[in-house]
Amino acid sequence: VIGDRHSIRHLFEQFLGRVTKHSLNTFYRALAVIGDHLPQLEVRNLTYLLTLISTTCQDLPLLLVLDDTVQPKFGHKFTGVKYLFDHAATHTGKRLVNAHDFVTLGLMIPTQRDQDDQPVYTFLPLATHLYQAEQATKYQQAAQMIKTTLKSIASDQQVFLLCDSWYPKAEINQLVMPQPNLAMIANVRKDTAMFGLPKRTGKRGRPRKYGDQIHLGNIALNLCSAGDQIGIVRCLTRLMPQPVYMIRVQRKTTCRLFMA
């Protein structure tokens with residue numbers, strides 16, 4: 001993973017230049033050629049990664065991890081560079097950062113089982129694409145990356161898409177809903193509007209679209225796992241047209257909300 005201020009030059013200075021006699025420009029030219037064939041390279045990479053799944057883990061689901069990240073730049077003469085909001089403020093300590101925005105798709109595969117027969121997943125990067133608003137929306141770009149990945153995965157293989165609250169919208173929802181082997185688990189905002197299922201009243205007029213509103217504190221914590229208290233409710237949201245499961249996870253004073 002290339003971190004803050006790290007680049008091809010940094011990789012060359014720290015590693016490539018020590019193990020090869022080729023110049024830095026050689027790697028730049030090689031990357032320029034690879035860029036034209038990136039989709040084919042990603043498919044070949046995925047095909048190989050799927051062979052790493054142990055025979056004892058063939059019945060376990062695959063996990064696709066979708067996220068985006070900003071890479072700060074110290075100049076403006078770059079394609080696609082602009083001021084972006086960095087919600088974590090981890091790169092420069094500022095909320096607005098002059099940077100590139102990359103959409104990243106990773107794959108987590110079960111490689112073994114531990115002594116308690118629980119699966120052990122390994123994360124492997126699949127694709128990282130530069131987001132350029134004039135070419136496609138971030139949802140369209142992410143959806144296309146997922147479509148390309150699913151073509152190389154068997155139709156009877158269960159796949160879970162893991163993402164944050166930015167992605168369960170638009171083209172991502174349209175992609176997930178008709179896929180029988182694809183489900184989404186999103187870490188959504190704690191103030192996400194939740195509603196009970198509407199009840200039939202038998203009265204004349206248009207029926208209610210949503211039931212009574214459900215507040216986060218109303219989700220009963222009746223399960224416990226690894227020190228976390230967990231509560232689950234089936235409800236409606238404005239993120240998805242069909243009922244979903246909302247999972248409240250409480251650890252001491254920290255609370256997170258997931259949608260599945």
Side-chain angles (χ1 to χ4, degrees), residues 1-53 62-86 88-94 96-109 111 122-153 161-163 166-167 171-172 175:
V1 178
I2 298 178
D4 299 347
R5 295 178 296 279
H6 292 179
S7 60
I8 301 302
R9 179 184 294 275
H10 176 86
L11 182 61
F12 179 82
E13 292 173 349
Q14 299 298 320
F15 174 69
L16 295 175
R18 302 177 183 180
V19 298
T20 180
K21 297 180 179 179
H22 296 293
S23 67
L24 175 60
N25 284 339
T26 301
F27 290 98
Y28 280 130
R29 285 192 290 268
L31 290 173
V33 174
I34 291 173
D36 295 333
H37 304 280
L38 191 58
Q40 298 94 314
L41 182 62
E42 292 169 355
V43 171
R44 291 289 298 272
N45 185 37
L46 172 60
T47 303
Y48 172 74
L49 294 178
L50 293 177
T51 65
L52 301 179
I53 301 176
L62 303 179
L63 308 179
L64 285 177
V65 184
L66 178 64
D67 200 3
D68 60 283
T69 184
V70 296
Q71 179 64 43
K73 294 295 178 182
F74 299 93
H76 300 277
K77 296 182 180 180
F78 298 95
T79 301
V81 72
K82 58 184 177 180
Y83 280 98
L84 300 168
F85 180 78
D86 183 12
T90 56
H91 294 86
T92 63
K94 299 179 181 179
L96 289 179
V97 182
N98 182 56
H100 278 144
D101 192 2
F102 289 95
V103 180
T104 301
L105 185 66
L107 176 68
M108 295 184 68
I109 59 174
T111 51
T122 301
F123 176 82
L124 301 160
L126 279 182
T128 299
H129 292 184
L130 176 65
Y131 168 59
Q132 299 186 62
E134 62 275 10
Q135 297 183 3
T137 68
K138 191 176 293 187
Y139 304 118
Q140 292 171 338
Q141 187 172 9
Q144 185 57 50
M145 294 167 67
I146 297 170
K147 285 180 183 178
T148 302
T149 300
L150 291 177
K151 290 178 181 178
S152 300
I153 297 176
L161 174 64
L162 311 181
C163 59
W166 177 269
Y167 287 101
E171 285 79 9
I172 303 299
L175 172 65

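All of these numbers come straight from a predicted model, not from anything done at the bench. Values reported hereafter were calculated over all heavy atoms of this structure, with side chains retained and with hydrogens, waters and symmetry mates removed.
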Exercise for the section: With sequence neighbours excluded, tell me which residues meet side chain to side chain contact (heavy atoms under 4.5 Å, CB included) with Gln141. Expected result: Val103, His129, Tyr131, Met145

Practice task
Looking only at non-hydrogen atoms, find the nearest pair between Ser152 and Leu46 and report the distance.
Solution key: CB-CD2, 3.5 Å

Problem - Phe15 atom CZ: more than 12 heavy-atom contacts under 6.0 Å - result: no

Exercise for the section: Could you pull out the closest heavy-atom pair between Tyr139 and Trp166, with the gap in Å? Expected result: CE2-O, 3.1 Å

Practice task
Answer whether the closest heavy-atom distance between the side chains of Val65 and Leu105 falls below 4.5 Å.
Solution key: no

Practice task
Applying side chain to side chain contact (heavy atoms under 4.5 Å, CB included), name anything that partners Arg29, two or more places apart in sequence or on another chain.
Solution key: Asn25, Thr26

Handout entry: Heavy-atom closest contact (Ser23 atom, Phe12 atom, distance)
Key = C-CE1, 3.8 Å

Problem - Thr51 side chain vs Tyr48 backbone, donor-acceptor pair below 3.5 Å - result: yes

Exercise for the section: Nearest 0.5 Å please: distance from the CG atom of Leu175 over to the CG atom of Leu161. Expected result: 8.0 Å

Handout entry: Residue list, side chain to side chain donor-acceptor pair (under 3.5 Å) with Thr47, at least two apart or on another chain
Key = none

Fill in the blank from the handout: Contacts of Gln140 meeting side chain to side chain contact (heavy atoms under 4.5 Å, CB included) (sequence neighbours excluded), chain-then-number -> Ala136, Thr137, Glu171

Problem - Main-chain N/O of Leu16 paired with Thr20 side-chain donor or acceptor, under 3.5 Å - result: no

Handout entry: Pairwise salt bridge (Lys or Arg N to Asp or Glu O under 4.0 Å) hits with a residue in residues 136-150, at least two apart
Key = Asp68-Lys138, Asp101-Lys138

Fill in the blank from the handout: Rounding to 0.5 Å, atoms OG1 (Thr149) and CG (Leu107) come to a distance of 8.0 Å

Exercise for the section: Flag the pair Leu126 / Leu49 as yes when at least one side-chain heavy-atom distance between them is below 4.5 Å, and no otherwise. Expected result: yes

Practice task
Pick out which of Leu62, Thr122, Leu124, Leu63 makes a side chain to side chain contact (heavy atoms under 4.5 Å, CB included) with Met108.
Solution key: Leu63

Practice task
Check whether any side-chain heavy atom of Leu162 lies under 4.5 Å from a side-chain heavy atom of Leu64, and answer yes or no.
Solution key: no

Completion exercise
Applying side chain to side chain contact (heavy atoms under 4.5 Å, CB included) to Leu130 and not counting sequence neighbours gives His100, Phe102, Gln132

